[in-house]
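We count residues from 1, following the sequence as given. Please read these numbers as outputs of a predicted model, since none were measured by experiment.
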Amino acid sequence: MPVETVKLSSIVMKLTPDLYPFLTRTELETDIVLVNGIAALDVEDAVEIVQFSISEHQKDDLIH
């Protein structure tokens, strides 16, 4: 299985550009590892990845 690492910003700009302004710079710079690469994603996948990323960053903020 091919694996590709991309920034969340690449996923957002390709599949859900309307979400871009709502994400922080830190979230957008998050590395995302994709099995089968970015070409295999659809909009629903992108939204799920964005939601998970936001959740993870909020969790980190609560810990600090």
Discussion item. Is the shortest side-chain heavy-atom distance between Val12 and Pro17 below 4.5 Å?
Written reply: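 Sidechains of Pro17 and Val12: no contact.
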Just how far is it from atom [atom1] of [X] to atom [atom2] of [Y], taken to the nearest 0.5 Å?
X	Y	atom1	atom2	result
Thr30	His57	OG1	NE2	3.0 Å
Tyr20	Leu28	OH	CG	5.0 Å
Ile32	Glu4	CD1	CD	12.0 Å
Asp42	Thr16	CG	OG1	11.0 Å
Gln58	Thr24	CD	OG1	9.5 Å
Leu19	Glu27	CG	CD	11.0 Å

Worksheet item: Under 6.0 Å from the CD atom of Glu48, do we count more than 12 heavy atoms belonging to anything else shown?
Response: no
Worksheet item: Do Leu8 and Met13 share a hydrophobic cluster, counting only Ile, Leu, Val, Met, Phe, Trp and Tyr and linking them when any side-chain heavy atoms are less than 4.5 Å apart?
Response: yes
Discussion item. For Ser10 versus Val6, what's the shortest heavy-atom pair and its separation?
Written reply: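 For Ser10 and Val6, the tightest heavy-atom pair comes out as CB-CB, 4.4 Å.
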Worksheet entry | With Leu41 via side-chain contact (heavy atoms from CB on, under 4.5 Å) - residues at least two apart | Ile11, Leu15, Leu34, Ile38, Asp45, Ile49
